[in-house]
Amino acid sequence: MDVNAPIWLQDESGLIARPMAPDDDTAVRQLMDTDWLPGQRPAHSIPLTPDARLRENETLVVCNAQGEAAGAVCVGVRPADEAGLIVWLHGREDFSVISALLALARAHLGHRPLYAFTGPATATGIPGLPIKHRPVTERALTAAGFVPTSAQRYFLRDLVTPPPVPPEYPLADVTPIADPPGWQLELTDTDNRHIATAILRAPTPDTADMAVVWQLSVRHSHRCLGVGTRLLAQCLHHAANHGAHHLTADAPDGDIPAARLLTSAGFLPLDTLTVYRRRP
């Protein structure tokens with residue numbers, strides 16, 4: 001098949017759809033950079049080839065009358081449950097372009113349950129559409145019959161202004177870990193019993209050079225005593241001392257205690273990363 005041949009007839013929007021061609025690489029990466037979210041890897045470092053684990057996987061583009069890529073969508077079928085996945089989609093927040101991409105994805109995937117924005121929205125792999133940064137895409141999804149199925153709130157903490165203060169006693173024991181690169185911070189009581197643990201990812205190109213609070217848990221008997229606050233404070237200080245300028249974290253949408261803990265430590269709620277579902 002000629003990869004540049006249109007696979008969708010020109011419609012009233014004036015757009016033509018076809019499979020992505022090698023010459024589209026730069027234009028598609030520019031589309032991705034337009035929707036950049038803090039904590040994302042830069043578009044030049046993201047592979048555009050569809051996930052080989054998916055069947056019927058394809059990256060499709062819609063073009064304007066001049067043949068220039070105006071939007072792109074990556075789709076495939078998950079073998080485990082035969083669900084159709086819209087892995088990622090970018091269209092410069094143009095409603096007609098995004099609507100055309102969604103229609104194209106639905107036509108390609110056929111009559112089956114569909115999930116949209118299953119690909120990572122951040123360098124640490126959290127999936128979902130950042131609805132605050134991309135309201136037009138959210139509106140197009142709703143108009144196409146998609147509804148939210150899961151959501152994570154995404155937080156960002158600047159470690160430069162203001163810098164974190166040195167942590168107070170008790171201090172956690174810090175152990176380096178290799179996969180992913182970072183540290184485990186563990187608090188124990190005077191009898192050396194576990195109280196709380198945090199996993200802190202080191203800033204690397206894979207995390208867009210940001211440190212990440214990967215996990216933070218407090219033993220049930222020690223909750224509401226400020227233990228989580230002290231452990232998070234040590235995470236901030238440790239990340240800053242190891243070259244991180246920003247620290248990210250996420251929490252399930254609706255988890256009020258987690259959101260309060262993060263905001264009290266200076267994290268700003270950046271967006272809500274939402275995965276969508278559409279019934280056949």
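Scope of the values below: all heavy atoms of this structure, side chains included, with no hydrogens, waters or symmetry mates.
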* Contact check, side chains of Val97 and Leu101, non-hydrogen atoms, under 4.5 Å -> yes
* To do: Report yes or no: does Asp271 contribute a side-chain atom to a donor-acceptor pair with the main-chain N or O of Tyr154 at less than 3.5 Å?
  => no
* So, for Val213 and Ala249, which heavy atoms are closest and what is the spacing to 0.1 Å? -> CB-CB, 4.0 Å
* To do: Spell out, as yes or no, whether a donor-acceptor pair under 3.5 Å connects the side chain of Arg230 to the backbone of Pro167.
  => no
* To do: Verify the cluster assignment for Leu104 and Val136: are they in a single hydrophobic cluster under the rule of side-chain heavy atoms below 4.5 Å apart?
  => yes
* Are Leu129 and Leu109 connected in the hydrophobic side-chain network, where two residues link if heavy atoms are under 4.5 Å apart? -> yes
* Can any side-chain N or O of Arg29 pair as donor or acceptor with the backbone N or O of Ala43 at less than 3.5 Å? -> yes
* Does some side-chain heavy atom of Val77 sit less than 4.5 Å from a side-chain heavy atom of Glu82? -> yes
* Asked: Looking at Ala17 and Val62, what are the two nearest heavy atoms and their distance?
  -> CB-CG1, 3.9 Å
* To do: Flag the pair Val87 / Leu54 as yes when at least one side-chain heavy-atom distance between them is below 4.5 Å, and no otherwise.
  => yes
* Structure fact -> Nearest heavy-atom approach of Leu273 to Pro127 is CB-O, 3.5 Å
* With sequence neighbours excluded, what pairs up with Thr34 under the side chain to side chain contact (heavy atoms under 4.5 Å, CB included) test? -> Arg92
* **Pairwise side-chain contact, Leu261 with Thr229, heavy-atom cut-off 4.5 Å (strictly under)** => yes
* Within a strict 4.5 Å, meaning less than it, do heavy atoms of the Leu247 and Phe267 side chains meet? -> yes
* Answer yes or no: is there a donor N or O on one side and an acceptor on the other, between the side chain of Glu58 and the main chain of Val75, under 3.5 Å? => no
* Asked: Regarding Arg134 and the six-membered ring of Phe117, is the cationic atom NZ or CZ under 6.0 Å from the ring centre and inside 45° of its axis?
  -> no
* Could you tell me which residues satisfy salt bridge (charged side-chain N to carboxylate O under 4.0 Å, His left out) with Asp255, sequence neighbours excluded, listed by chain and number? => none
* Does His133 have any ring pair (Phe, Tyr, Trp, His ring centres under 6.0 Å) partners at least two apart in sequence or in another chain, and if so, which? -> none
* Flag yes if Phe155 and Leu159 sit in one hydrophobic cluster, no otherwise; membership is Ile, Leu, Val, Met, Phe, Trp, Tyr, and two members link when side-chain heavy atoms are under 4.5 Å apart. => yes
* Evaluate the criterion side chain to side chain contact (heavy atoms under 4.5 Å, CB included) for residue pair Asp24 and Arg18; output intermediate values, then yes/no. => CA-CA 11 Å; Asp24 296 318; Arg18 58 171 172 76; 2.7 Å; yes
* Asked: Any side-chain heavy atom of Thr197 sitting closer than 4.5 Å to one from Gln184?
  -> yes
* Report whether Trp88 and Leu31 are members of the same hydrophobic cluster (ILVMFWY, side-chain heavy atoms less than 4.5 Å apart, transitive linking). => no
* To do: Nearest 0.5 Å please: distance from the CG atom of Asn57 over to the CZ atom of Arg55.
  => 10.0 Å
* When you measure from the side chain of Asn241 to the backbone N and O of His238, does any donor-acceptor pair fall under 3.5 Å? -> no
* Structure fact -> What one should report as the nearest heavy-atom pair of Pro164 and Arg157 is CA-NH2, 4.3 Å
* **Qualifying residue for side chain to side chain contact (heavy atoms under 4.5 Å, CB included) with Leu231, from Leu171, Val218, Leu187** => Leu187
* Taking every non-hydrogen atom, the tightest pair across Pro148 and Tyr276 -> N-CD2, 3.6 Å
* List the atom of Ala259, the atom of Arg153, and the distance in Å for their closest heavy-atom pair. => CB-NH1, 3.9 Å
* For the pair Arg219 (side chain) and His194 (backbone), establish whether a donor and an acceptor sit closer than 3.5 Å, ignoring hydrogens and angles. => yes
* Flag the pair Arg112 / Leu114 as yes when at least one side-chain heavy-atom distance between them is below 4.5 Å, and no otherwise. => yes
* Asked: So, do Arg106 and Arg278 sit near enough that their side-chain heavy atoms are less than 4.5 Å apart?
  -> yes
* To do: Could you label the plane-to-plane angle of the Trp183 and His242 rings as parallel, tilted or perpendicular, counting under 30° as parallel and over 60° as perpendicular?
  => tilted
* Asked: Can you tell me if Asp253 uses its side chain to pair, donor with acceptor, with the backbone of Ser150 under 3.5 Å?
  -> no
* To do: Kindly say whether Ile126 contributes a backbone atom to a donor-acceptor pair with the side chain of Gln152 at under 3.5 angstrom?
  => no
* Is a side-chain N or O of Asp189 found less than 3.5 angstrom from the main chain of Arg193, in a donor-acceptor match? -> yes
* To do: Tell me whether Leu185 is reachable from Ile177 by hopping between hydrophobic residues (I, L, V, M, F, W, Y) whose side-chain heavy atoms are closer than 4.5 Å.
  => no
